[in-house]
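Numbered from 1 within each chain, the chains take letters A, B, ... in sequence-line order.
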Amino acid sequence: MSDNETLRIGVYVCHCGTNIAAVIDVEALTKFAEGLPHVALARNYKYMCSDPGQELVKQDIAEYGLNRIVVAACSPNLHEPTFRRAAEDAGLNRFLVQMANIREQVAWVTEDGELALEKAKAHVAGAVRRVARHEALQRQFVRITPRAMVVGGGIAGIQAALTLAEAGKEVVLVEREPSIGGHMAMFDKTFPTLDCAACILTPKMTSVKVNPNIKLLTYSEIESVEGSVGNFKVKVRRKPRYINEDLCVGCMQCIDGCVFTQAKFPNSFDQGLGMRKPVWVPFPQAVPPVPVVDPEVCLQIARGKCKQGCVEACGERGAFDFDQQEKIEEYEVGAIIIATGFKAFDPSVIPYYGYGKYPNVYTSLEVERLLNAGGPTGGKLILRDGSTPKKVGIIHCVGSRDVNYHEYCSRVCCMYSLKIAHLVREKTGAEVYNCYIDIRAPGKGFEEFYNRVQNEGVQFVRGKVADITPVANGSGPLVMKVDDTLLGHIREIEVDMVILAVALEPHADAGEVRRNFGISCSNEGFFLEKHPKLAPVNTANDGVLVAGACQGAKDIPDTVAQADAAAAKALAMIDAGEIELEPNTAWIDEEMCSGCKTCINLCPFQAITADEERKIAVIDQALCKGCGTCVAACPSGAAKQHLFGDRQIDEELEGLMNYV
Amino acid sequence: MSTFNPKIIAFMCNWCSYTASDLAGTARIKYSPCARIIRVMCSGRVDPSFVLKAYALGADGVMIAGCHPGDCHYINQNYKTMRRYAMLHHFIEQMGIEKDRLRLVWASAAEGQYLAESIDQFVEDVRKLGPLNWTGVWEDEFRSEEALEEIAAEHAEAMEVQA
Ligand code: FES
């Protein structure tokens with residue numbers, strides 16, 4: 001049994017295969033560790049995180065009575081939990097463990113082996129000194145609210161919500177548009193199988209509507225998020241539809257009844273190619289099948305005067321309510337899945353493509369709507385002047401793979417361009433030119449689809465289009481100037497229609513969403529997962545998960561897979577019933593506190609209050625998140641912190657500075 | 001050619017800059033090994049006295065790295081870091097320590113490359129200033145050996161689980 005009267009530190013240096021050992025002399029490091037104060041034993045091993053590695057620690061704890069453990073290996077953000085568990089299995093308090101990050105912060109970033117060894121020694125010495133000051137702590141748990149919120153009602157959000165609901169969990173699904181469905185609802189067909197998007201999506205949308213476990217909040221946005229994993233409080237802003245959702249039966253007669261006989265306002269769902277009335281639904285299969293009133297153009301709301309044909313058409317159902325106000329509702333949830341999707345790149349910022357200037361230049365999303373049977377032209381591919389194009393150019397990588405716009409590949413543009421090429425040929429028989437940089441077709445059945453489209457007679461031109469100019473002044477045909485790198489000369493191809501395969505990019509307000517939910521973004525603005533390989537749906541904020549294109553451009557199969565993964569994570573969390581908190585909270589040493597109240601205003605979580613009677617500050621352990629700002633500010637040293645106290649950090653500092 | 005390798009202490013907050021340094025590792029970005037990294041949960045945890053202690057223990061430069069303003073995992077604690085940084089700058093100058101020996105860097109979890117470059121830049125700048133040689137100024141405050149004895153004495157108490 002261990003003898004608790006003396007401090008006995010065990011140090012374990014990991015080779016991590018050759019990841020560490022190839023740069024740092026692990027034998028020398030082990031020897032160095034042996035000589036540090038209170039170190040009873042130092043070893044090195046090939047893979048500390050493996051079962052035999054952990055076993056080694058456990059055995060040594062039992063055999064040599066170790067009562068503090070230092071593991072010099074990878075980042076604590078990776079394997080600290082592993083070694084804490086191992087220590088606990090061996091009967092040692094799990095918080096008497098410290099890691100020295102000699103892989104990510106030394107071996108992988110240092111060229112010179114000598115200097116790497118020096119730095120590793122410093123970090124090991126720091127960890128040894130620090131762990132000597134660690135204290136045994138009790139693990140803290142919080143109960144999890146057994147309800148999840150899904151933010152975003154595209155295919156990712158729909159899938160995640162359904163998976164959770166089917167497992168019997170309550171889900172709150174929030175969508176900012178009047179209907180769920182997202183981008184997928186805009187598409188006609190999906191690659192490479194060419195199944196119709198509506199045929200596979202609308203049944204899912206209906207399932208969302210009828211599932212009693214799902215509370216659907218459309219036309220609603222996130223106002224604020226409070227709390228943390230297990231217990232989030234989310235305020236949702238519900239925009240007024242001016243139609244009572246509970247009374248509306250979705251007959252759509254109000255739209256016919258509207259005093260505007262002509263639909264004359266651009267329908268955003270149709271990318272502005274179709275028109276709508278002030279009272280409208282984005283598309284016929286909308287869920288919920290409840291129209292919205294646009295307050296800016298509705299005569300009753302904007303001017304206070306209208307014959308109200310809509311209200312008349314609604315009749316005794318009485319669903320209209322022009323006095324409806326914005327409402328804030330609060331929901332308590334245990335886990336949150338963010339599935340806010342993407343925005344299509346606006347190509348008007350690239351002057352030489354002439355988007356917005358020449359009417360026959362379209363974005364791929366606009367063309368999706370033209371090809372869609374439910375779209376503004378009933379599925380006919382016609383130009384703005386009503387004619388059918390005979391020659392069509394499709395330009396790949398618009399805004400993608402371009403350091404001026406987005407350096408990344410949007411992953412879906414090649415495939416959807418092939419799909420559009422196929423559909424254009426099928427519907428119009430037009431000659432189609434696909435101008436590409438590389439064709440990227442790495443998915444299941446993708447290469448086969450590429451071959452098929454080639455065999456259908458679509459022309460492939462390998463080269464970047466440098467310029468688009470009209471043949472004559474005005475709105476007629478266009479000339480694409482492209483450097484054909486296979487032929488080795490510049491070609492000028494005359495076409496009636498140009499389709500720009502635009503990039504997928506983060507929403508303009510992704511930054512705000514990210515801040516609201518306390519997560520990070522990658523450089524290009526997509527939400528950052530906790531680990532690119534091992535935690536692809538988790539985020540830096542525990543309990544907040546991501547799924548779909550908001551995390552990075554991806555196609556529908558990958559989105560659905562990721563949505564299910566996020567749902568599974570949320571399920572696991574909720575089913576566990578409770579979750580462990582980091583124990584690094586702050587606390588007040590009552591005898592030292594002078595009651596100066598410096599700390600109180602520093603806490604953004606209102607965890608600190610003044611006990612006026614005793615003239616001291618009190619920290620609520622359930623509210624403290626453990627940042628340590630109050631600890632750093634306390635003038636009398638009364639504010640302390642578990643695991644990150646002055647004594648631990650001071651010792652680490654001394655270790656880092658003194659022993660090399 | 002003198003190759004003075006300055007001793008740098010870098011405090012990094014767990015959520016952004018420490019993660020960025022992990023990312024620099026994963027991406028195998030090479031940077032100066034002179035920086036010794038201390039993980040804190042938030043840049044707001046960096047007590048100004050830590051910085052002074054680092055100098056007193058022989059550090060030639062101290063870096064504080066945190067999340068970008070507005071991105072702090074604890075809402076806005078890095079604004080407090082910013083204020084302390086201004087105060088510290090003022091303070092160390094009065095004590096005869098060059099301002100350039102203290103640096104504040106904001107690096108998001110995605111900015112491994114930027115963080116590595118910032119460390120290199122800082123090491124370069126401190127290298128130009130030369131050694132600080134502040135060690136010993138506060139000697140009697142740091143009874144390192146005695147402190148160790150104390151730890152050993154307190155150790156048994158620390159083994160008791162606290163709530
Ligand atoms: S958590 Fe990074 S600065 Fe606060």
Side-chain angles (χ1 to χ4, degrees), chain A residues 4-7 37-38 67 75-77 93 96 101 103-112 115-116 118-119 122-123 126 132-138 515 518 520-523 528 540-541 584 602 604-605 625-629 631-633 641 644 646 649-654 656-658, chain B residues 5 7 9 14-16 18-19 21-26 28-31 33-42 44-50 53-54 57-59 70-77 80-81 84 108-111 116 142 144 147-148 151-152 155-156 158-163:
Chain A
N4 273 346
E5 288 311 306
T6 49
L7 192 52
H38 301 293
N67 47 33
S75 169
N77 287 329
N93 186 279
L96 300 174
N101 185 347
R103 191 180 73 171
E104 280 84 345
Q105 292 184 348
V106 186
W108 278 349
V109 293
T110 313
E111 219 116 40
D112 183 308
L115 292 175
E118 289 299 288
K119 184 173 176 185
H123 277 206
R133 287 288 201 179
H134 277 210
E135 292 150 335
L137 298 169
Q138 193 135 56
R515 232 159 268 155
S520 311
C521 276
S522 54
N523 279 341
L528 194 66
N541 194 359
N584 49 286
L602 288 173
F605 306 104
K625 301 266 181 291
C627 67
T629 306
V631 188
Q641 187 177 10
F644 285 90
D646 282 356
I649 296 175
D650 273 348
E651 283 304 317
E652 186 171 356
L653 195 52
E654 296 229 9
L656 285 173
M657 298 305 304
N658 277 350
Chain B
N5 278 332
K7 282 190 175 179
I9 289 289
N14 182 58
W15 304 98
C16 287
Y18 194 88
T19 313
S21 84
D22 277 353
L23 176 66
T26 315
R28 312 298 200 273
I29 296 164
K30 304 288 183 272
Y31 59 86
C34 296
R36 312 278 189 250
I37 297 164
I38 295 184
R39 170 172 170 249
V40 284
M41 293 315 281
C42 174
R45 176 65 185 92
V46 181
D47 189 322
S49 74
F50 293 165
K53 262 174 220 171
L57 288 169
D71 287 358
C72 174
H73 189 74
Y74 307 95
I75 303 181
N76 51 19
Q77 302 301 57
K80 285 140 205 169
T81 310
R84 280 183 199 143
S108 81
E111 292 175 327
F142 293 95
S144 200
L148 279 178
I151 291 172
H155 146 76
M159 293 294 289
E160 298 297 314
V161 175
Q162 333 178 340

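- Taking both residues in full, the closest heavy atoms of A:C521 and B:A110 are given as O-CB, 3.7 Å, listed atom of the first, atom of the second, then distance.
- With a 4.5 angstrom heavy-atom cutoff, A:N584 touches chain B only via side-chain atoms.
- For A:D646, the parts sitting under 4.5 Å from any heavy atom of chain B are the backbone and the side chain alike.
- Among B:K80, B:M41, B:R45, the one residue that satisfies the side-chain contact (heavy atoms from CB on, under 4.5 Å) test with A:T629 is B:K80.
- No side-chain donor-acceptor contact under 3.5 Å links A:E104 to the backbone of B:T19.
- The two residues B:R84 and A:A632 have their closest heavy-atom pair at NH1-CB, 3.6 Å.
- Residue B:A35 touches chain A through its backbone alone, counting heavy-atom pairs closer than 4.5 Å.
- Taking all atoms of both residues into account, the shortest heavy-atom contact from A:F605 to B:Y74 is CZ-CA, 3.7 Å.
- A donor and an acceptor atom, one from each side chain of B:Y18 and A:N101, are located under 3.5 Å apart.
- Using a 4.5 Å cut-off between heavy atoms, A:L115 contacts chain B through both its backbone and its side chain.
- Note on B:I75, B:D22, B:N5: by heavy-atom pairs under 4.5 Å with chain A, the leading option is B:D22.
- Using a 4.5 Å cut-off between heavy atoms, B:I38 touches chain A through backbone and side chain atoms alike.
- The contact between B:N14 and chain A is made by backbone and side chain atoms together, counting heavy-atom distances below 4.5 Å.
- Using a 4.5 Å cut-off between heavy atoms, A:L528 contacts chain B through its side chain alone, with no backbone atom that close.
- Both the backbone and the side chain of A:A633 come within contact range of chain B, judged by heavy atoms closer than 4.5 Å.
- Interface remark: B:V40 contributes backbone and side-chain atoms alike to the contact with chain A (heavy atom separation under 4.5 Å).
- Side chains of A:L656 and B:K7 form no contact here, defined as non-hydrogen atoms less than 4.5 Å apart.
- Counting only heavy atoms from C-beta outward, the side chains of A:H123 and B:I37 approach each other to under 4.5 Å.
- To the nearest 0.5 Å, the span separating CD1 on A:I649 from CZ on B:R39 amounts to 10.5 Å.
- Ranking A:L96, A:L602, A:N541 against chain B, the residue ahead of the rest is A:L602, based on heavy-atom pairs under 4.5 Å.
- Between A:A540 and B:H73, the shortest heavy-atom distance links the atoms O-CE1, 3.8 Å.
- Of the residues considered (B:L23, B:N76, B:I9, B:T81), B:I9 shows the highest number of contacts with chain A, using heavy-atom pairs under 4.5 Å.
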